[in-house]
Amino acid sequence: MDDDRRVKPEDYDTRLMTLKAAHRALDERINQLVLEPTISLLELQRLKKQKLVLKDRIAHLERYRIPDIIA
C-alpha cells in the first residue's frame, strides 16, 4: 500500500469515494447472490474477500487522510 502515501492529499476524497462505491456495489451483489435459488458459494466467498480487501484499503486511506495532531 505504499502507493497510498504518494497520493496527493486532495485526491484522498476522490479515491475514498471510488473505493466506497465499489464496496457498496460488492455488498449489493452479495445480497443479490444470497437471494438466488442456486447460490454459488465459491462466488460468494470470492466477493466477500474482495469486499474485505476494499474495506482494508478504505481504512488505510482514512488513516493517512486524517493527520496525527498531538494536542
Side-chain angles (χ1 to χ4, degrees):
M1 289 289 185
D2 292 332
D3 62 330
D4 291 332
R5 294 180 186 183
R6 290 178 275 181
V7 174
K8 296 176 189 173
E10 59 269 12
D11 292 338
Y12 280 115
D13 289 335
T14 304
R15 188 135 183 219
L16 278 170
M17 284 178 19
T18 303
L19 290 173
K20 286 180 180 183
H23 187 268
R24 278 191 305 275
L26 278 174
D27 194 38
E28 289 173 12
R29 177 63 186 129
I30 289 169
N31 289 334
Q32 289 173 352
L33 193 61
V34 169
L35 296 175
E36 290 179 5
T38 55
I39 187 169
S40 169
L41 294 178
L42 184 62
E43 184 180 2
L44 183 63
Q45 193 174 38
R46 184 177 51 82
L47 291 173
K48 285 184 176 185
K49 271 188 179 180
Q50 287 177 359
K51 188 177 165 191
L52 283 174
V53 168
L54 283 175
K55 183 179 177 182
D56 288 343
R57 287 182 182 169
I58 290 167
H60 181 79
L61 271 177
E62 286 178 338
R63 279 194 304 271
Y64 283 104
R65 184 173 160 237
I66 301 171
D68 290 335
I69 299 174
I70 300 173

Would [X] and [Y] pass as an ion pair if we require N to O under 4.0 Å?
X	Y	result
Glu43	Arg29	yes
Arg15	Glu62	no
Glu28	Lys51	no

When rounded to the nearest 0.5 angstrom, what is the spacing between [atom1] in [X] and [atom2] in [Y]?
X	Y	atom1	atom2	result
Leu44	Lys49	CG	NZ	12.0 Å
His23	Asp56	NE2	CG	9.0 Å
Leu26	Leu33	CG	CG	11.5 Å
Leu16	Asp11	CG	CG	11.0 Å
Arg46	Leu41	CZ	CG	13.0 Å

- Query: Is the shortest heavy-atom distance from the side chain of Leu35 to the side chain of Gln32 under 4.5 Å?
  - Reply: no
- Transitively linked via ILVMFWY side-chain contacts under 4.5 Å: Leu47 with Ile39? yes
- Message: So does Asp27 get a backbone contact from the side chain of Asn31, meaning a donor-acceptor N/O pair under 3.5 Å?
- Response: yes
